[in-house]
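Remarks on the structure that follows.
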Amino acid sequence: MSDIALVENIGEYEGKTVTVQGWVADKTDKGKLQFLRVRDGTGVIQATLFQKTAPVEAFELAKRIPQESSVRVTGEVRKEPRAPGGFELSVTDMQAVQLARDEYPITPKEHGIEFLMHNRHLWLRSSRQHAILRIRATIIKAIRDYLDNNGFMLLDTPILTPAAVEGTTTLFQTDFYGEPAFLTQSGQLYNEANAMAFGKVYCFGPTFRAEKSKTRRHLSEFWMVEPEWAFGTLDDYMRVAEGMVSYIAQTVLELRKTELQVLERDTSLLEKVAAPFPRISYDDAVKIIREKGDPNFKWGDDFGAPDETLISEQFDRPVFVHHYPTEMKAFYMAPDPDRPEVCLSADLLAPEGYGEIIGGGQRSADLEYLEAQLVKHNLPREPYEWYLDLRKYGSVPHCGFGLGIERTVAWICKLDHVRETIPFARMMDKMYP
RNA sequence: UCCGCGAUAGCUCAAUCGGCAGAGCGAGCGGCUGUUAACCGCUUGGUUGGACGUUCAAGUCGUCCUCGCGGAGCCA
């Protein structure tokens, strides 16, 4: 029995005989010459069999084997410029683990999105999906590395929660031992408690929004990283956020060249993603919209998707929009002491029309202000009692932000829709597979 | 929730004015010693999303329904 080799390391085995375990992604029958392209999860390698030299059983199997059958293929690794990937396996032995029983639905030709989403469990095997999801994994690791290396501690927040964080967004309700409970829409409030206990923290997990949104930027279940730290200000937040996003872009450019190539991503645009990012105030953003878009845009309105695109088009890298109207933002945002109608908040808009990927800001440290905000926002006090405690026992200025993973992946990969950025997207009216 | 578009073979699509429902891919069989979404020949393919209606005649026109796609609002 020869060594099991992974396709991603196949170059290390040149001249040696190894076994690759995987699936027949595709094949070409040339009569007395058979080409199989075998995928093992780490890559695809071409396995070649000549009728003249290969064992009879192996050759016959290769000739007959249906697409997506699972196989063990043994052969000598040869450098071969004509083969995709540059290496090829000259097969000396081959066994089927299982012969695919039905016609494989996904062919190398085009398919519609409805069909592909219905076959998502199989679509994941294709090279484009491999590229996207490897980049997703790299982005997540880059985020974790950046935060871990900058003194942040991972401290996860609960998924089952007793109340809305921001009150406005629709929540998924579930049953908690007979009591209503909700799937979290943000780790934000618990993060603040964690930050008061540990200083610099972050949570990383799934987030649920029952919004009836049907756009390329929405999922019902998505992943978010939320750093939060004590003694942090609005400026501190923007510095950490731009550092993290730059690090994400640089890491993907460095480690995922092949994948970006598969996706035909213009990497020159990603190379520009380096701190510092431009910062403009909400007031200035409104001016841009009035000049180049809607002249009647009202101060105090939130930006629509076309407005965000217009703003981000003015810059060649992500842009912060800060000091939003206090009314527009969550109840816990700290108002600007010099100008209370705006708050110490900022969103980061990604380039190329990808819109908001980060929202965050400085939180109010003031007990009386937050008590008044709860009343103003019609929120019950009782579920927030513990949150108010944080302002009783050593309240300090602090800040934090949330970055949406799927929107970030969509932007880095330049995808049309976030549904391809997660293995199994949960969208309005869509739970299969 | 609102606006727009769509549903025809396993997949991607075509079908002129309402007049015999087609092609490519896939699959099956055969051929080919360098294929890369191969190529060549043959074969296989249908409750035209559902219900009702108009008509001598409906994939095509009308009403209702279901599902999907795109966008808006809202958000990350």
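None of the values given here were measured: they were computed from a predicted structure. In what follows, every chain begins at residue 1, and chains take the letters A, B, ... in the order their sequences are listed.
Base engagement by A/Glu80 is indicated by at least one non-hydrogen atom pair under 4.0 Å involving a base atom. Using a 4.0 Å heavy-atom criterion, one finds that A/Glu88 contacts the bases of the nucleic acid, with or without backbone contacts as well. In this structure, A/Pro84 reaches the bases: a heavy-atom distance under 4.0 Å links it to at least one base atom across the strands shown. Across all strands shown, A/Leu219 has heavy atoms under 4.0 Å from base atoms, whether or not it also approaches the sugar-phosphate. Within 4.0 Å of A/Gln46, counting heavy atoms only, lies at least one base atom of the nucleic acid. When heavy atoms are screened at a 4.0 angstrom cut-off, A/Ile106 is found touching no nucleic acid atom at all.
The aromatic rings of A/Phe320 and A/Phe277 lie tilted to each other, with the angle between the two planes from 30° to 60°. Using the six-membered ring where Trp is involved, A/Tyr247 and A/Tyr146 have ring planes that are tilted, between 30° and 60° apart. Ring planes of A/Phe152 and A/Tyr202: perpendicular class, angle over 60° (limits at 30 and 60°).
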Would you check, one step at a time, whether the test ring-ring contact (aromatic ring centres under 6.0 Å, His included) holds for A/Phe303 with A/Phe297? CA-CA 9 Å; A/Phe303 304 132; A/Phe297 188 90; 5.8 Å; yes

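Nearest to the side-chain atoms of A/Asp26 among the listed nucleotides B/rA76, B/rU35, B/rA37 stands B/rA37. Listed nucleotides: B/rG34, B/rC67, B/rG70. Nearest to the side chain of A/His417: B/rG70. Comparing B/rG34, B/rA76, B/rA72 against the side chain of A/Phe50 picks out B/rG34 as the nearest. Here the nucleotide nearest the side chain of A/Arg78, chosen from B/rC11, B/rC67, B/rG34, is B/rG34. Among B/rC75, B/rA72, B/rG34, the nucleotide with an atom closest to any side-chain atom of A/Thr215 is B/rA72. Listed nucleotides B/rC11, B/rC69, B/rU35 differ in distance to A/His111; the shortest reach to its side chain belongs to B/rC11. The A/Phe115 side chain lies nearest to B/rU12 when the options are B/rU35, B/rG70, B/rU12. Residue A/Glu211 places its side chain closer to B/rC74 than to any other of B/rC74, B/rC11, B/rG34.
For the C1' atoms, the distance from B/rA23 to B/rG30 is 23 Å, rounded to whole Å. Spacing of C1' atoms, B/rA51 relative to B/rC67, comes out at 15 Å, to the nearest Å. Distance check on atom C1': B/rC32 versus B/rA14 gives 33 Å, rounded to whole Å. Only the C1' atoms considered, B/rC13 is 23 Å distant from B/rC17, to the nearest whole Å. The same atom, C1', is picked in B/rC5 and in B/rU16; the two are 22 Å apart, to the nearest Å. Taking atom P in both B/rA21 and B/rU35, one finds a spacing of 43 Å when rounded to whole Å. Using P as the reference atom, B/rA37 and B/rC25 are 16 Å apart when rounded to the nearest Å. B/rU1 and B/rU44 have their P atoms separated by 48 Å, given to the nearest Å.
With a 4.5 Å cut-off on side-chain heavy atoms, A/Glu356 and A/Arg407 count as touching.
Between A/Asp416 and A/Glu356, the residue anchored closer to the 5' end of RNA chain B is A/Asp416, taking for each the nucleotide with the nearest heavy atom.
With 3.5 Å as the limit, one finds a donor-acceptor pair spanning the side chains of A/Asp29 and A/Gln34.
Taking 90° from 0 as the syn/anti boundary, the base of B/rC17 is oriented syn.
A/Leu122 has its CG atom 14 Å from the P atom of B/rC11, to the nearest Å. Rounded to an integer number of Å, the gap from CG of A/Asp29 to C1' of B/rG41 is 15 Å. A straight line from NZ of A/Lys27 to P of B/rG34 spans 18 Å, rounded to a whole angstrom. Atom NZ in A/Lys214 sits about 13 Å away from atom P in B/rC3, given to the nearest Å. Distance A/Met224 CE to B/rC75 P: 13 Å, rounded to the nearest Å. Rounded to whole Å, the distance from CD on A/Glu114 to P on B/rC11 is 9 Å. As a whole-Å value, the separation of A/Trp223 CH2 from B/rC75 C1' is 19 Å. Nucleotide B/rC32 holds its C1' atom 15 Å from the NZ atom of A/Lys52, rounded to whole Å.
Within the model, atoms NZ of A/Lys287 and OH of A/Tyr282 stand 13.0 Å from one another, a figure rounded to the nearest 0.5 Å. Rounding to the nearest 0.5 Å places OH of A/Tyr332 at 10.0 Å from SG of A/Cys343.
Summarising the base pairing, B/rU63 is matched to B/rA51 through a Watson-Crick or G-U wobble pair whose two defining distances lie under 3.5 Å. As the counterpart of B/rC20, no nucleotide is assigned, since no Watson-Crick or G-U wobble pattern has both distances under 3.5 Å. Pairing of B/rC2, defined by two Watson-Crick or G-U wobble distances under 3.5 Å, is identified with B/rG71. The base-pairing partner of B/rA15, taking Watson-Crick or G-U wobble contacts with both distances under 3.5 Å, does not exist among the strands shown. The partner of B/rU35, taking Watson-Crick or G-U wobble pairs whose two distances both stay under 3.5 Å, does not exist in any strand shown. Applying the Watson-Crick and G-U wobble criteria (two distances, each under 3.5 Å), B/rG41 pairs with B/rC29.
Near RNA chain B, meaning a heavy atom under 4.0 Å from it, residues 291-321 of chain A has A/Asp302, A/Gly304, A/Ala305 in order of number.
In this structure, the side chain of A/Arg363 engages the main chain of A/Gly400 through a donor-acceptor pair within 3.5 Å. Between the side chain of A/Arg265 and the main chain of A/Ile412, a donor-acceptor pair closer than 3.5 Å is present.
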Heavy-atom contacts, protein to nucleotides 21-30 of chain B, under 4.0 Å, summarised as B (base), S (sugar-phosphate only) or - (none) per nt, yield ----SBS--S

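A donor and an acceptor atom sit less than 3.5 Å apart, one in the side chain of A/Arg407 and one in the base of B/rC75.
Ion pairing between a basic and an acidic side chain is recognised when a charged N comes within 4.0 Å of a carboxylate O; A/Glu259 and A/Arg128 show no such pairing. Taking the charged nitrogens against the carboxylate oxygens, A/Glu80 and A/Arg78 do have a contact shorter than 4.0 Å, which makes a salt bridge.
Here A/Arg419 reaches the OP1 or OP2 of B/rG70: one of its side-chain N or O atoms lies under 4.0 Å away.
Legend: residues meeting side chain to side chain donor-acceptor pair (under 3.5 Å) with A/Asp316, ordered by chain and number and at least two apart, are absent.
With A/Thr74 as the partner, the side-chain hydrogen bond (donor to acceptor under 3.5 Å, both in side chains) test is satisfied by one option alone out of A/Thr92, A/Thr19, A/Thr17: A/Thr19.
Both geometric conditions, a ring-centre gap below 5.5 Å and a plane tilt below 30°, are fulfilled for A/Phe222 over the base of B/rA76.
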